[in-house]
Each structure stands twice: as structure tokens, then as C-alpha cells.
Asker: 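Below is one structure. I have some questions about it.
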2 protein chains.
Amino acid sequence: MRESLRESRKRELKEEIFLQALRLFKERGYENVTVEDITTACGIAKGTFYNYFPKKEHVLLHLGQGQIEILRESVARHTRVRNVRKRLKLIFKDLLTRIDREPDLLKATIIEILRSSLLVEEELQLIAEFELLLTPLFEEAVAAGQVSARWDPRQLSSFLVGTYYYALFSWLANPAQADVVALFHTHLDMLWGGIAAEGGKD
Amino acid sequence: MRESLRESRKRELKEEIFLQALRLFKERGYENVTVEDITTACGIAKGTFYNYFPKKEHVLLHLGQGQIEILRESVARHTRVRNVRKRLKLIFKDLLTRIDREPDLLKATIIEILRSSLLVEEELQLIAEFELLLTPLFEEAVAAGQVSARWDPRQLSSFLVGTYYYALFSWLANPAQADVVALFHTHLDMLWGGIAAEGGKD
DNA sequence: TAACTTCTGTGACCCCGGTCACAAAATGAC
DNA sequence: GTCATTTTGTGACCGGGGTCACAGAAGTTA
């Protein structure tokens, strides 16, 4: 069943809007680009934008969706690394190093991902998808005796995703710090080994 | 030096705007209340609002500022608890139980706190203040041998604040879960003791 | 090709956050 | 008190996100 003219145009136009929007966001910053700027750059009318993205911010969520794909591939690629802690470091390195050097765009994206997770009930729940993809890793780690059976793998996965976003967040809030990958590794080490002193009574 | 008529009115009017705004936000939700609704409720003109709050969202940040005061008091009140981990649990219980049951308002507030931390460079940095208030606790804990000297107290404080926000965030995103205090305690325990299995090789 | 249905494009329009030039009120000097 | 100065209040106005009734193109049927 071939793709009809309509269907192909639909895909292509959405992609075109997305690319033009990203280009403009990078050039001028998310807040300084109007929807009309985007549509003018595409040679279409303003209303058409809303046939493809329900809100301006959905361009950013679409961008975030791309990270989910990277995560999925990365999870699949590293299954042979038996040590789950090391595997997680490899996976998150994949995610974090692919972040291009557009901190302002990244800031706006993170804000929108967080906002949609809190305020929107719909299906586009990036964070939830993220957690779901990592849960099996923790199930495996618990089964292999690498991680304490004391905690629910879903909770572990959730906390790790929180740690990931927090590392990203801290780095964006204060880019003078060490690079993101190092920051995330530090946080992961804190979490893995615990922060209590050896032999501390509590 | 007595407070002039001007100064007292200024304080009172700001408080009035704040209270009316909160009342309306609780009734109808942040997004469904316009600045004009607020000023009408106060019997003033729209423009006057902006003499007291630079943006609509600053009402929420003002609300967040209240939490900083609670934190400050709570930190002072619990200094006699020598075990820092227990002390942290007491402090965060103070913070979390005082959250009134207005999840939608709280969601909007969290979003604005996060957004301002990322996007605004100005002084009103709630999260940074938060971290600053907790850093001495970790310095004390390291000095007392309760926490490993391996990590910088500022980094520990920062990570803990991240953990606090993430617990709040998870709970708001999925209120069906256990209550916030329990969730935060679980996360704090994960962080404190580490998630690695006892005797795990890594 | 004509007639009809369904999907896509359009831009005038509405709404609301935020601004600004000006008006009114408070303060201070005399 | 009067006048000059400073602070605060005002609402018309602007810009941009988002909507919607309609126009026109694509697809379908005969």
C-alpha cells in the first residue's frame, strides 16, 4: 500500500516545519521566534502550523522524543556489558554527548518536558517512557545480585531518571561546572555506593 | 524611623494582591486566572499589579520564597539532633507536610521555580538558596564522620535538593503513589546507604 | 468528467500578558 | 499653606499564541 500524496506531504511538511523551527530557535532563541516566523520560513500560513503541532512548545517535545529513540538504541547496543552500573554509564554517555552545544534550546526543551509531565495527562509522557525503558536493566541487576533486592526496580529506574535530569539541570543552571558526563557519573557513584561514611553507625 | 504611609501601603497592597491571586488560583487554576481578574478582585487597575510583581509568575515564586523561610526555621530548630540523616528527615518532613492540598497550584509553582532557575539569571534563585542553607549540615556530617569525606558538601547538598524536588515531582506526576514524605524517605535511604547489593563486586 | 466527501491551508480574529505615557497622590522644602 | 520632586496608579495599546469558519485541494465513486 503506497503512501498517498497526502500522506507523504504530511510527513514532509511536519519535518520541514520542525527543521525550520529548530534552525530559527538556534539562531534567535525559542522565545524570540514567533510561530509566524516559522511558517513564513516554510512559505505557509500561520494556521497551518497548528495542523502539525498542537502548540508551539510541541516542537520541543518532538525534539525530546528523539532522545527516547537514542536511548532505545543505546539500551539495545550495550546489552552485552554485564555490569549494569558500567552499562548505565555507557548509555547515559551516549545520551549526554549527543546533546549539541545549544544550551538555551536545551533549557527550553527540559522545561517543556518537565511541564508536560506535570501538567498534561496525555500520552506524550517522555519521562515515563524513559523510566519504562530502564526498568528491565534494574530487574536484571537485581536478579544478578548487583543491586540490592531491597528496592523496587521501577523505583530505582525512576530515581535514576530523576538523577539524569538533575545532572542536566545543574549543568544548565551553572555551565561553569565540570562537564555533564562527569557530573552524572559523580551522581551515579553517590547513588550506587551511598554517601554514608564506611562504618558510620547510621 | 516610622514607616511612612507609602511604605505601609506598599507592603499591604503587595500582600493583598498576593492573597487575592492565591485565592483565585486555588479556585480556578493558575492558567484560568488573568492578571486583570486579580486586579479587579483588589479594586485596582491592571497596570498596578506590575508595580508589585514583575510578572504573573512571580506570585508563585513569592509563594516558593515562603518555603525558604520554613526551611530556615526548621534547620535552626533541629540542630540538636546529632544524627544528620535523621535531622534531614525531620527538616524535610516539616517542608513536605506543610504543603497544602492544592496539587495544581503546587505543580504550577514547581514549574516556575525550575524555569526561573534555568532561564533567569537574577537574584531570586530559590534552589540555590535552598542548597546554601543545607551545605553546613553536610559539612557537619562529614566532620562528624557520618558522611564520606569523598564528596564535596556543596555537591551533596545540591544532590539532596535535587532529590527533594524529584520526590515532589514524582508525587505530583502520579499522586496515586505513597505520600510524599514516604517517597522522599525512600529516596534518601537509597542515596544514603547506596543501591548496590552488599558484597556486590562493583 | 462530474458530483460528492474528506482532509488541508488560510488569515482575520480573540485573548491575555506585559508596556508605557500620562495622571494623581505623597513627600519634602520653604 | 504653595510649589517642586518623587513615587504610585491607570488603562489604552501592542505583540504573539492559539482558534475557527471558510476556501480549496485530494481522494472517491460512478
Side-chain angles (χ1 to χ4, degrees), chain A residues 1-18 20-22 24-25 27-63 108-109 111-112 115-116 119-120 122 124, chain B residues 1-18 20-22 24-25 27-63 108-109 111-112 115-116 119-120 122 124:
Chain A
M1 168 165 148
R2 245 183 71 264
E3 194 178 51
S4 72
L5 216 151
R6 251 185 206 163
E7 284 162 342
S8 64
R9 171 158 170 75
K10 190 164 181 173
R11 265 198 320 99
E12 280 164 17
L13 185 49
K14 179 165 186 177
E15 194 61 16
E16 171 71 5
I17 293 172
F18 180 60
Q20 292 291 343
L22 280 194
L24 291 170
F25 291 165
E27 279 174 25
R28 301 188 220 157
Y30 178 73
E31 301 290 351
N32 302 318
V33 175
T34 71
V35 171
E36 214 158 3
D37 290 338
I38 298 168
T39 54
T40 302
C42 297
I44 58 179
K46 183 179 171 186
T48 304
F49 176 91
Y50 293 94
N51 287 341
Y52 295 88
F53 295 94
K55 311 248 169 194
K56 185 187 175 193
E57 67 216 42
H58 275 65
V59 174
L60 299 180
L61 296 178
H62 190 73
L63 185 60
T109 306
I111 293 284
E112 291 311 329
R115 149 174 293 167
S116 80
L119 304 183
V120 186
E122 292 157 40
L124 190 64
Chain B
M1 169 166 145
R2 245 183 72 262
E3 195 179 50
S4 70
L5 215 150
R6 248 184 209 163
E7 284 163 342
S8 65
R9 172 161 169 76
K10 190 163 181 175
R11 265 198 319 101
E12 281 163 18
L13 183 50
K14 179 165 186 176
E15 194 62 15
E16 171 72 5
I17 293 172
F18 180 60
Q20 292 291 343
L22 281 193
L24 291 170
F25 292 166
E27 279 174 25
R28 300 187 221 157
Y30 178 72
E31 300 290 350
N32 302 317
V33 175
T34 70
V35 172
E36 215 158 1
D37 289 339
I38 298 169
T39 54
T40 302
C42 297
I44 57 178
K46 183 179 173 186
T48 305
F49 176 91
Y50 293 94
N51 287 341
Y52 295 88
F53 295 93
K55 311 248 169 194
K56 184 187 176 193
E57 67 216 43
H58 275 66
V59 174
L60 299 180
L61 296 178
H62 190 72
L63 186 59
T109 305
I111 294 283
E112 291 311 331
R115 148 174 295 165
S116 81
L119 304 182
V120 184
E122 293 156 40
L124 191 64

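This structure is a prediction, so every number in the text was calculated from the model and none was measured. To find a chain, count down the sequence lines: A is the first, B the second, and so on, and within it residues start at 1.
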Asker: Think B:Asn51 has a side-chain N or O under 4.0 angstrom from the OP1 or OP2 of D:dT8?
Answerer: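 For D:dT8, neither OP1 nor OP2 has a side-chain N or O of B:Asn51 closer than 4.0 Å.
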
Asker: Please determine if a side-chain N or O atom of B:Thr48 lies less than 4.0 Å away from the OP1 or OP2 oxygen of D:dT10.
Answerer: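 Indeed, a polar side-chain atom of B:Thr48 lies that close.
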
Asker: In whole angstroms, how far is the C1' atom of D:dG15 from the NZ atom of A:Lys56?
Answerer: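 Atom-to-atom, A:Lys56 to D:dG15, this comes out as 12 Å.
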
Asker: Give the rounded distance in Å between these two atoms: CD of A:Glu16 and C1' of C:dT8.
Answerer: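 Going from CD in A:Glu16 over to C1' in C:dT8 covers 17 Å.
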
Asker: Would you please confirm or rule out a distance under 4.0 Å between OP1 or OP2 of C:dG11 and any side-chain N or O of A:Lys46?
Answerer: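 No, no such contact exists.
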
Asker: B:Glu31 has an atom CD; how far is it from atom P of D:dG18, in whole Å?
Answerer: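 The answer, rounded to whole Å, is 11 Å.
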
Asker: For the side chain of A:Tyr50, counting heavy atoms from C-beta on, which of C:dG17, D:dG9, D:dG17 is nearest?
Answerer: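 Minimum distance to the A:Tyr50 side chain belongs to D:dG17.
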
Asker: Nearest to the side chain of A:Ala45, heavy atoms from C-beta on, is which of D:dT10, C:dG11, C:dG18?
Answerer: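 From the listed options, C:dG11 comes nearest.
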
Asker: Does the side chain of A:Asp37 come under 3.5 Å of the side chain of A:Thr34 through a donor N or O and an acceptor N or O?
Answerer: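 A pair is found: one side chain offers a donor N or O, the other an acceptor, under 3.5 Å apart.
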
Asker: Output the single nucleotide from D:dG9, D:dG11, D:dG17 whose closest atom is nearest the side chain of B:Leu13.
Answerer: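 Within the option list, the nearest is D:dG9.
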
Asker: Quickly work out the B:Ile44 CD1 to D:dG11 C1' distance and round it to whole Å.
Answerer: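 It works out to 13 Å between those atoms.
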
Asker: Can you see which heavy atom on A:Lys55 is nearest to which on A:Tyr50, and at what distance?
Answerer: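 Looking at all heavy atoms of both residues, the shortest contact is CA-CE2, 4.3 Å.
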
Asker: If you measure from NE2 on A:His62 to CD on A:Glu112, what distance do you get to the nearest 0.5 Å?
Answerer: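 Result: 15.5 Å between the selected atoms.
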
Asker: So, is A:Tyr52 close to the C:dG9 phosphate, meaning a side-chain N or O under 4.0 Å from OP1 or OP2?
Answerer: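 For A:Tyr52, the contact criterion (side-chain N or O under 4.0 Å from OP1 or OP2 of C:dG9) is met.
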
Asker: For B:Ile38 and C:dC16, what is the distance between atoms CD1 and P respectively, to the nearest whole Å?
Answerer: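 So the two atoms are 12 Å apart, to the nearest Å.
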
Asker: Roughly how far apart are B:Leu22 CG and B:Leu63 CG, rounded to 0.5 Å?
Answerer: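 Answer for the CG-CG pair, B:Leu22 versus B:Leu63, is 5.5 Å.
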
Asker: Counting N and O atoms only, with roles assigned by atom type, does the side chain of B:Asn32 sit under 3.5 Å from a partner on the main chain of B:Arg28, one being a donor and the other an acceptor?
Answerer: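 Yes, the answer is positive, given that a donor and an acceptor are paired below the 3.5 Å cut-off.
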
Asker: Round to the nearest Å and state the distance from A:Lys14 atom NZ to C:dG9 atom P.
Answerer: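 Atom NZ in A:Lys14 sits about 13 Å away from atom P in C:dG9.
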
Asker: Can you measure A:Phe49 atom CZ to C:dA12 atom P for me and round it to whole angstrom units?
Answerer: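 Result: 20 Å.
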
Asker: Take atom CD of B:Glu36 and atom P of D:dA12, then tell me their distance rounded to the nearest Å.
Answerer: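 Rounding to the nearest Å, CD of B:Glu36 and P of D:dA12 are 10 Å apart.
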
